[in-house]
*Asks:* 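Handing you a structure now.
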Amino acid sequence: MHLSRLGQALTFVTTALLLNACGGEDDIKIGDVTPPLLITNDQFSDGYSNVAAVFLAGQVKDTGGMQSLTYQLNDKPNQVLTINSEGLFNDSILLALGRNVLTLTATDKAGNITQSIKTIYLGDKVAAGGSHTGALKDGQLYGWGRNNYGQTGLNMTSKLSDISVHPATPILMSRAPNNLASISFNQNHSLAIDQEGHVYSWGEDKYGQLGRGETGRHSCSSKEDCRLDISTISEINHALMVATGYKHNLVLTKDGSVWAFGANGQGQLGDGSTTDSSNPVKVDFSAIDAGQIVQVVASANSSYALDDKGQVWGWGSDAYANLGKGQECTSANNCVNENPKPVRISVVQTSDVADDSLEIVTQLAAGRDHVLALTNQDSVYGWGLNASSQVGYNGEIFSNTDNAWNSTVTAPKKLPWFTDKEVRRIYANGNASYALLNNGKVYPWGMFGETNDIGRTIYNDLDEPTDKLTSLTDIDNIAMGAMHLIAHETSNTQADGNLFTWGWSFEGSLGSANAAHIWMYNYPIPISLPN
């Protein structure tokens with residue numbers, strides 16, 4: 001619930017409680033059988049998360065007075081949350097990899113309790129890269145699509161003409177561990193985390209983006225530039241999440257450390273250098289006042305992190321105002337090699353805050369060169385490259401008008417479409433963006449491909465989130481590739497839910513034998529994983 005709507009609800013219910021109260025405080029305590037009122041914001045909800053924290057806010061009320069508000073995460077001991085004299089609370093709760101059961105318990109002075117229980121899964125069970133796709137089922141990896149660098153996990157390379165082996169439809173990757181908790185793909189490489197926090201990598205490795213050193217590579221084009229085996233990055237343990245960029249990757253570990261590997265010519269590894277590294281290097285946060293990092297995001301040549309204070313940090317290329325400084329680059333020297341360590345990105349401006357509540361960022365997403373930020377007010381901000389309206393309002397209707405936003409948005413800008421919308425998650429890749437709302441609907445904006453009546457693909461730039469995918473109504477997570485997507489739909493009849501793919505189809509990226517090589521598939525295709 002948006003904080004302003006939360007306040008309205010609290011005012012109404014508090015008034016009702018006071019009207020129903022009879023007698024003094026002692027009378028209420030003795031005869032009180034009414035449990036306390038517990039209201040939380042919509043950050044506290046069931047579903048998948050790519051942020052290793054819940055930014056929890058709300059209020060507890062009781063006419064007889066409150067005794068305590070506690071939370072329990074999984075099987076850990078109860079922890080006390082601080083509430084002020086008005087019963088307001090605001091805190092961040094760190095999550096574990098995989099399934100989390102988070103229980104809030106409000107206890108009044110008479111011993112009555114109110115509980116709210118949510119199940120939050122930290123990690124992603126679907127992934128999409130340049131033209132390859134994957135999904136997890138019972139901890140096992142299924143892959144399909146382009147495999148020129150072995151990125152699907154077959155321990156070999158293949159192309160669509162290799163009918164007997166090429167994974168144009170989902171195939172169980174039997175060489176992968178059977179206890180995977182999360183996967184992340186981009187371009188031609190793949191990463192995964194198992195339930196113990198070990199990180200695995202495979203696929204293209206010409207920039208060292210698999211983090212496994214300089215030896216042991218296989219030859220996939222004309223030189224040793226890939227790894228066909230699915231193996232661990234030995235230097236990283238206790239991983240919570242991975243973020244796959246175009247030529248570099250980030251890993252967040254349980255202690256809040258961020259590790260990076262791959263291309264670094266523009267400082268995207270964040271260690272203070274501009275030297276590529278095929279081994280993990282630690283991102284240097286030592287000179288800044290960052291809290292514990294709870295999310296990492298990687299784009300083409302830039303990197304981003306969110307901490308548990310709601311602060312956003314960025315490093316690497318600023319070629320398209322990626323770091324939100326409020327000005328465009330005027331020469332190469334001002335765009336690259338300038339930010340090899342994290343710098344603060346001020347996302348929320350005072351004038352953007354609707355009331356006196358503190359607005360903070362609670363989630364990030366990044367495309368090739370644009371960035372999105374979701375806040376605890378259900379607002380979405382964007383900045384960076386906007387030539388395809390991937391930030392907003394520079395598309396088929398607004399472009400070349402006085403109301404168009406610039407092709408580069410140099411500082412975080414609030415997207416007006418999201419007013420009064422309850423947002424579950426934001427996504428970005430390539431030159432497109434998506435929003436998933438709490439009602440299970442997904443809305444794209446930016447570059448969006450459709451096939452016209454004569455079979456030609458038309459790429460329209462959508463000015464704002466648009467209901468283009470009307471058949472998808474109960475989605476709880478998606479993954480964006482460069483030009484194609486996969487969505488997971490909640491299902492009451494299937495434990496792992498249903499899968500759908502759409503977008504650019506190349507070498508089987510959509511996982512359907514009937515759409516193995518169609519340039520653009522408009523409508524979501526149901527995908528079944530083998531039993």
Side-chain angles (χ1 to χ4, degrees), residues 299-300 302 318-330 345-349 351-354 359 361 363-375 377-423 425-437 441-453 456-470 472 478 480 482-485 502-504 520 522:
S299 64
S302 308
D318 197 33
Y320 296 97
N322 311 61
L323 303 183
K325 295 179 179 180
Q327 61 185 15
E328 291 192 66
C329 296
T330 56
I345 302 175
S346 296
V347 175
V348 179
Q349 306 300 319
S351 60
D352 292 326
V353 181
E359 184 175 16
V361 176
Q363 188 186 134
L364 297 172
R368 194 195 81 182
D369 280 297
H370 74 289
V371 191
L372 304 175
L374 172 66
T375 77
Q377 301 276 355
D378 283 331
S379 296
V380 175
Y381 293 77
W383 66 95
L385 182 63
N386 193 38
S388 300
S389 195
Q390 57 264 56
V391 175
Y393 302 99
N394 191 35
E396 55 185 341
I397 297 174
F398 279 72
S399 181
N400 298 317
T401 71
D402 292 340
N403 294 321
W405 289 8
N406 292 335
S407 58
T408 299
V409 177
T410 60
K413 192 174 182 70
K414 195 173 188 177
L415 278 66
W417 185 88
F418 288 93
T419 302
D420 297 325
K421 306 290 196 308
E422 294 187 350
V423 188
R425 191 161 163 181
I426 49 175
Y427 304 85
N429 202 350
N431 295 322
S433 304
Y434 271 73
L436 171 62
L437 302 190
K441 291 283 292 177
V442 294
Y443 294 83
W445 73 102
M447 183 182 288
F448 188 82
E450 297 179 278
T451 302
N452 64 15
D453 293 337
R456 296 184 62 184
T457 296
I458 305 298
Y459 292 97
N460 292 320
D461 294 336
L462 305 177
D463 288 287
E464 63 181 13
T466 307
D467 190 8
K468 287 285 188 179
L469 302 158
T470 56
L472 299 179
I478 69 174
M480 289 186 66
M483 296 290 289
H484 78 287
L485 299 95
W502 67 97
W504 188 42
M520 185 58 62
N522 296 342

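None of these values were measured; they are calculated from a predicted model.
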*Asks:* Please lay out, stage by stage, how L462 and E396 fare under the test side chain to side chain contact (heavy atoms under 4.5 Å, CB included).
*Replies:* CA-CA 6 Å; L462 305 177; E396 55 185 341; 3.6 Å; yes
*Asks:* Are side-chain heavy atoms of L469 and Y434 found at a separation under 4.5 Å?
*Replies:*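 SC-SC contact between L469 and Y434 confirmed.
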*Asks:* How far apart are the closest heavy atoms of L364 and A373, and which atoms are they?
*Replies:*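 That closest heavy-atom pairing would be CD2-CB, 3.9 Å.
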*Asks:* Can you give me the closest heavy-atom contact between G324 and P412, atom names plus distance?
*Replies:*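 Closest heavy-atom pair between G324 and P412: O-CD, 3.8 Å.
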*Asks:* Which of these, L372, I345, V348, sits in a side chain to side chain contact (heavy atoms under 4.5 Å, CB included) with Y381?
*Replies:*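 Of the listed residues L372, I345, V348, the side chain to side chain contact (heavy atoms under 4.5 Å, CB included) partner of Y381 is V348.
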*Asks:* What closest approach, in Å, do A428 and A365 show between heavy atoms, and which atom pair accounts for it?
*Replies:*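 That closest heavy-atom pairing would be N-CB, 3.9 Å.
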*Asks:* Can you measure from CG (L485) to CG (N429) and round to the nearest 0.5 angstrom?
*Replies:*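 So the gap between those two atoms works out to 8.5 Å.
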*Asks:* Give, for atom NZ of K413 and atom CG of N406, the distance between the pair rounded to the nearest 0.5 Å.
*Replies:*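 Separation between the atoms: 8.0 Å.
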*Asks:* Show the nearest heavy-atom pair for residues S399 and A404, with the distance to one decimal.
*Replies:*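 Where S399 meets A404 most closely, the heavy atoms are CA-CB, 4.2 Å.
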*Asks:* Can any side-chain N or O of D378 pair as donor or acceptor with the backbone N or O of E422 at less than 3.5 Å?
*Replies:*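 Pair absent, no side-chain N/O of D378 close to backbone of E422.
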*Asks:* Once rounded to the nearest 0.5 Å, what's the spacing between atom CZ of F448 and atom CG of D461?
*Replies:*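 Going from CZ on F448 over to CG on D461, the span is 12.0 Å.
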*Asks:* Taking atom CG of N431 and atom CD of Q390, what is their separation to the nearest 0.5 Å?
*Replies:*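 One gets 4.5 Å once the value is rounded to the nearest 0.5 Å.
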*Asks:* As a test of understanding, state which of V347, V391, N322, L323 forms a side chain to side chain contact (heavy atoms under 4.5 Å, CB included) with W383.
*Replies:*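 Only one option passes, and that is V347.
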*Asks:* Tell me whether T375 contacts the main-chain N or O of Q377 through its side chain, where contact means a donor paired with an acceptor under 3.5 Å.
*Replies:*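 Yes: the side chain of T375 pairs with the backbone of Q377.
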*Asks:* Of the non-hydrogen atoms in G326 and A411, which two are nearest, and what is the gap between them?
*Replies:*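 Heavy atoms of G326 and A411 come nearest at CA-CB, 3.9 Å.
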*Asks:* Report yes or no: does S433 contribute a side-chain atom to a donor-acceptor pair with the main-chain N or O of W445 at less than 3.5 Å?
*Replies:*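 No; zero donor-acceptor contacts below 3.5 Å.
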*Asks:* Could you tell me whether the side chains of N522 and E450 share a donor-acceptor contact shorter than 3.5 Å?
*Replies:*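 No.
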*Asks:* Do W502 and L472 make a side-chain contact, defined as non-hydrogen atoms from C-beta onward lying under 4.5 Å apart?
*Replies:*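 Yes - at least one pair of side-chain heavy atoms lies under 4.5 Å apart.
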*Asks:* Looking at side-chain heavy atoms only, is the closest gap between Y320 and R368 below 4.5 Å?
*Replies:*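 Yes, at least one pair of side-chain atoms sits under 4.5 Å.
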*Asks:* Please answer whether the main-chain N or O of A300 pairs with a side-chain N or O of S302 as donor and acceptor at a distance below 3.5 Å.
*Replies:*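 Answer holds: no.
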*Asks:* Under 3.5 Å, side chain of Y427 to main-chain N/O of M480, donor-acceptor pair present?
*Replies:*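 Not at all, since once roles are kept as given, no pair shorter than 3.5 Å links the two residues.
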*Asks:* Any chance you could measure S407, atom OG, to N386, atom CG, to the nearest 0.5 Å?
*Replies:*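 Result: 7.5 Å between the selected atoms.
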*Asks:* Taking all non-hydrogen atoms of both residues, which atom of Q327 and which atom of T410 are closest, and how far apart?
*Replies:*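 In this case the closest contact between Q327 and T410 is N-CB, 3.6 Å.
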*Asks:* Given the rule in the side chain to side chain contact (heavy atoms under 4.5 Å, CB included) test, do Y459 and M483 qualify, once you have shown the distances and angles that lead to the verdict?
*Replies:* CA-CA 11 Å; Y459 292 97; M483 296 290 289; 3.3 Å; yes
*Asks:* Output the distance between atom OG (S389) and atom CD1 (I397), rounded to the nearest 0.5 Å.
*Replies:*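 It comes to 9.5 Å.
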*Asks:* Less than 4.5 Å apart, any side-chain heavy atom of Y443 and any of F418?
*Replies:*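 Not touching, per the 4.5 Å side-chain cut-off.
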